[in-house]
Amino acid sequence: MKSKAAVAFEVGAPLQIETIDVAPPQAGEVLIEVKAAGLCHSDMHAIDGHWNFNSGFPGIMGHEAAGVVLEVGPGVTRVRPGDHVVPFIPECGDCACCRSGRTNNCEASFTDSGPGSRLSYQGRRLHPFLGLGLFTQYAVVDDFRLVPVRRDAPFEQLFYFGCGATTGLSSVLFKAEVLPGSSVIVFGLGGIGLNVVQGARFAGASTIIAVDVNPAREELARRMGATHFVNSRLVEGDLVGHLNELTRGGADFTFEAIGNVTLMRQAFDAAHFAYGSCTIIGIAPDADLLQLPPTALITGRRLQGAAMGGARGMTHIPKLVDWMMDGKLDIASLVTAHLPLEQINEGYAMQKRGEGVRSYVTF
Ligand code: CU
């Protein structure tokens, strides 16, 4: 079948809107119609060639979306036609990570998904980014990459659970396991950091300090549950010292949601020396090093990270969607723009300028 799609022909080039060919799903595969696809920073890193993980050119970017199952290939039991789905990190169920419960690192993520792609343009196979490739109205995805979800959840919010919302919320709730009454500091208030803030509120943290250089983020951070906003550019003197004053000597939980090693070090130092935990969510460039004095760990601080916030798609995404539908999580306030596919490059340009939090495209 034919499908409207945004094609990434080469590194650094703007995405081009084209009509591509989609071959029928084979064994274990599912044809879906993408109803909303979010613009996440990781796509941008792949487009710009800064991140080569399971991406290739020509390719179809897009990994944060929600859609409907149209057709299933032989042997598919996880979903049926008509199901609403959120594509996510695979859960093959069989690799060492899946068997140990860490499905967020399922080894199927590392398998090059290019050769098996059902998407092509003028006879050239298109590489689906991260094994998903969702900037196309119709996509073919392995069944173990799809999480079926309740049908009454709106697609224009549901898509966000395919990456950003789930990563931010899971880091707090399922990885760091923030406790009621605790103090939390969040460095970086983008599409993930703001979800860390609301995850901390949902977990019952009593002090939630949101740190960013953009004063325009304060209002949203407070709406998500921040009790303090610190504009790190306006702090006179030492930022960590200032944060330590607010937390009386160090926070119970800190998070870095940007991918900057200087901020990671500050987040680590701002965690309480004896019992604080620092969780790294942002992805820093491969060449960067994070330096720490080992004694800062000996005292008892913990430093950890987790791909996708440690989320297990089938276990956690339906739960998070329920909490949104119950009004306990505010996803709508973070979805700040809706664009037609034709304006996808403009959407990424907005993101680079720091405008809005999360935008999505429809076809
Ligand atoms: Cu993403």
Side-chain angles (χ1 to χ4, degrees), residues 6 8 15 34 36-56 59-67 85-91 103-106 108-110 113 127-136 139 141 145-147 155-172 174-175 188-196 199 255-260 279-286 305-313 316-317 320-321 331 334-337 339 344 347-348 350-352 354 356-361:
L15 301 181
V34 177
L39 307 192
C40 173
H41 276 275
S42 309
D43 299 301
M44 205 158 69
H45 291 316
I47 294 166
D48 291 342
H50 298 150
W51 200 40
N52 300 319
F53 180 69
N54 219 341
S55 55
I60 300 288
M61 301 299 169
H63 63 282
E64 182 184 89
V85 288
V86 174
F88 197 64
I89 289 287
E91 292 180 289
T103 65
N104 61 314
N105 282 312
C106 171
S109 321
F110 307 106
S113 47
H127 191 119
F129 178 47
L130 295 179
L132 296 170
L134 301 170
F135 289 151
T136 166
V141 175
R145 297 177 199 268
L146 294 175
V147 178
F155 291 113
E156 61 268 27
Q157 288 155 28
L158 202 49
F159 77 86
Y160 206 174
F161 290 97
C163 184
T166 296
T167 299
L169 293 164
S170 299
S171 304
V172 180
F174 310 128
K175 183 65 189 179
L189 303 175
I192 289 178
L194 286 164
N195 275 297
V196 174
F255 297 86
E256 199 275 356
I258 295 284
N260 175 306
T279 304
I280 304 296
I281 313 170
I283 298 175
D286 282 341
M308 311 304 289
R312 284 177 280 142
H316 294 140
I317 290 179
L320 295 172
V321 172
I331 297 300
L334 301 178
V335 177
T336 44
L339 305 164
I344 192 165
Y348 276 115
M350 276 166 52
Q351 219 165 75
K352 276 186 185 165
V357 179
R358 190 53 119 230
S359 41
Y360 71 100
V361 293

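Numbering of ligands and ligand atoms starts at 1, following listing order.
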Charged N to carboxylate O under 4.0 angstrom, E64 versus R358? yes

Say whether S109 and N54, considering side chains only, have a donor N or O and an acceptor N or O under 3.5 Å apart. no

What count do you get for protein N, O or S atoms closer to the Cu ion (ligand 1) than 2.8 Å? 3

Quick check: F110 with F53 (ring centres under 6.0 Å apart)? yes

How would you list, by chain and number, every residue that makes a side chain to side chain donor-acceptor pair (under 3.5 Å) with T136, sequence neighbours excluded? S3

Partner of L158 by side-chain contact (heavy atoms from CB on, under 4.5 Å), out of I331, I317, V86: V86

Taking the six-membered ring for Trp, are H50 and H45 parallel (under 30°), tilted (30 to 60°) or perpendicular (over 60°)? tilted

